[in-house]
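Step one of this worksheet: look at the structure below.
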Amino acid sequence: MPHFDQINGNQIADRVFINGRIYTVDQDRSWAEAVAIKKGRFIAVGSNSVVVKHMGPGTEAIDLGGKMALPGFIDSHAHVSSTTNESASLEMFHLDSLNAYLEAVKDFAVLHPDLEVIYGSGWANDLFPPQGPVKEDLDAVISDRPVLLMSEDGHFAWVNSMALAMAGVTKDTVSPKGGIIEKDVLTGTPSGTIRETARDLIQNVLPPFSVDQIKGSIQNFMTEAGRVGITTAHDPLMILPDARGQLNGFGASRHNIQAYSEMAQNGKLSLRIRGSVLTDPTAPTRQIHSIVSTCAHQTHPLFQMTGIKVFVDGVVEGGTAFLLEPYAHMPYTCGEPLWEPGALKDLFAAADREKLQIHIHAIGDAAVRMALDALEHAREKNRNRDSRHLITHLHIVKRSDIPRMAALDVIGVPQPFWHVKGDYFRSIEAKYLGYDRAENGYPMQSMAKAGILLASASDYPVQVPSPPLLGIMLGITRCEPGETNPDEILGPQERMTLEEMIAGFTINGAYANFLEHETGSIETGKKADMIVLENNLFEIPTNEIADTNVLMTLFEGRTVYRDVSFGVTYGISQSVDSN
Ligand SMILES: [Zn+2]
């Protein structure tokens, strides 16, 4: 170590933060007053007196004024690169009527005469009958270009006649396995709503988003991420560029690996991305080789892929979640899985053998069970290893499967934003699942007690806005913000603690992404990912957690977000850098 780098034997820090209430989320969940940062890593964490020893000429000192600081948040399932770039795709999440959708589509098409396809996302299932929206409404506003609008959950598409015609989808087209082409009951012609895997029939003939359009989506997410304190995210829908099979309609994102890779190489990422590659049920084990080589190519510290993504089922709102007992509103069906059980076992065994992490979408209890059966098979074949396979969503889970999940060391990736009895619960979940089954949904505390590691996530843009502080609050309260009626709590026994929820968005997320040595806690040697909050979460009423502002977000020691109020009031000794 050169001598000008040190002061009295201590390394000279680039920045120090002092006078804070820093919840480090280390093993002992200890608190610190101050941190010193050098070259993007913490070089000291502890008391003010320890940290000031690292101050030398040129060290920037920031007085936290007693504010709480935490590790940067980790969102373990967020579709960062998917379709949320206003210049390429219409965002409809904030609109709430058929007329508003049609107006927006019309305006968007006028604004973007050069887009070959009108893409959009965010229409609400509960505004339409169970068969979904119809093509005639879209045809009335656009008939000369294909239109494809994703539902709010990302599992269904609303298309116009031109899109159907380009894809050759007619009344004679049979719905593929795991998908539904909704048809008009009288004429038998496709009505305009296409579910799950059937979307590939259309998506695969339409041009995908360009690399630049996807970069715009990632940029949008990063701007928001800084504001809400996210410094690492897992994007679970990386698409192989040449994949043309069953992609659950996500083929439009086929340039996302290139977009991330270029942004990482060019220093354009202000957060760390881990991803998993979507698998195609029509090519069970054949695809493993190209997934392995694609993952091996991405070695930048800010963008790597940890394994594969597998949809075992769909979603409750489409009757596509795979249940052990029939739907309440369709007593003739339990939904169906997107994979044959045997093919799923083969896939898991092959992926596990190649040391790929398996990121599993499972919503219904039959899907969860099928996933566990296949994971068990993989473990028998390949023996136990540090695999860190995960199941996300975990809506309906049979009690007897919880200990199995724990025994297989499967990580749970819940979206605590959904663990409430809100409009969605009333209009869809309680009706489709039956009240009792819906009320027993999302058994988080039961999983935690069984020893299952839980790494929380938003499923952005399914959930917008998706600040981790809101997720933390809802994981604790399990009721709508402001709700005071105890009957409105979704399974009171499943409520989580503040400590557990913070761990779910920090250190557990780091572990889920093989990053526990790099981030997830504030400890000497780790990357300096840290956020500063307006209030100490341990000192305010739980229902104020979501309203707490993030004052500052540091990513690898750099300020990627600062609230205008912070620094003026709290006296940053020198200006905050902007590199
Ligand atoms: Zn998702």
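A quick note: this is a predicted structure, and the numbers were derived from the prediction, not measured. Read the numbers this way: they start at 1 and go in the same order the structure lists the ligands and their atoms.
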Would one find an N, O or S atom of His77, in either backbone or side chain, under 2.8 Å from the Zn ion (ligand 1)? yes
Suppose we only count N/O/S atoms under 2.8 Å; would His361 qualify as near the Zn ion (ligand 1)? no
Please report the C-alpha distance between His77 and His359 in whole Å, then the side-chain angles of each, then the deciding distance to 0.1 Å, and finally whether the side-chain hydrogen bond (donor to acceptor under 3.5 Å, both in side chains) criterion is met. CA-CA 9 Å; His77 183 111; His359 191 117; 2.9 Å; yes
Might you point out which heavy atoms bring Leu490 and Gly441 nearest each other, and give the distance in Å? CD2-O, 4.3 Å
Parallel, tilted or perpendicular: which fits the ring planes of Tyr442 and His395, with parallel below 30° and perpendicular above 60°? parallel
Decide, yes or no, whether a salt bridge links Asp386 with Arg388 under the criterion of side-chain N to carboxylate O below 4.0 Å. yes
Angle at the Zn ion (ligand 1) between OD1 of Asp459 and NE2 of His79, to 10°? 80°
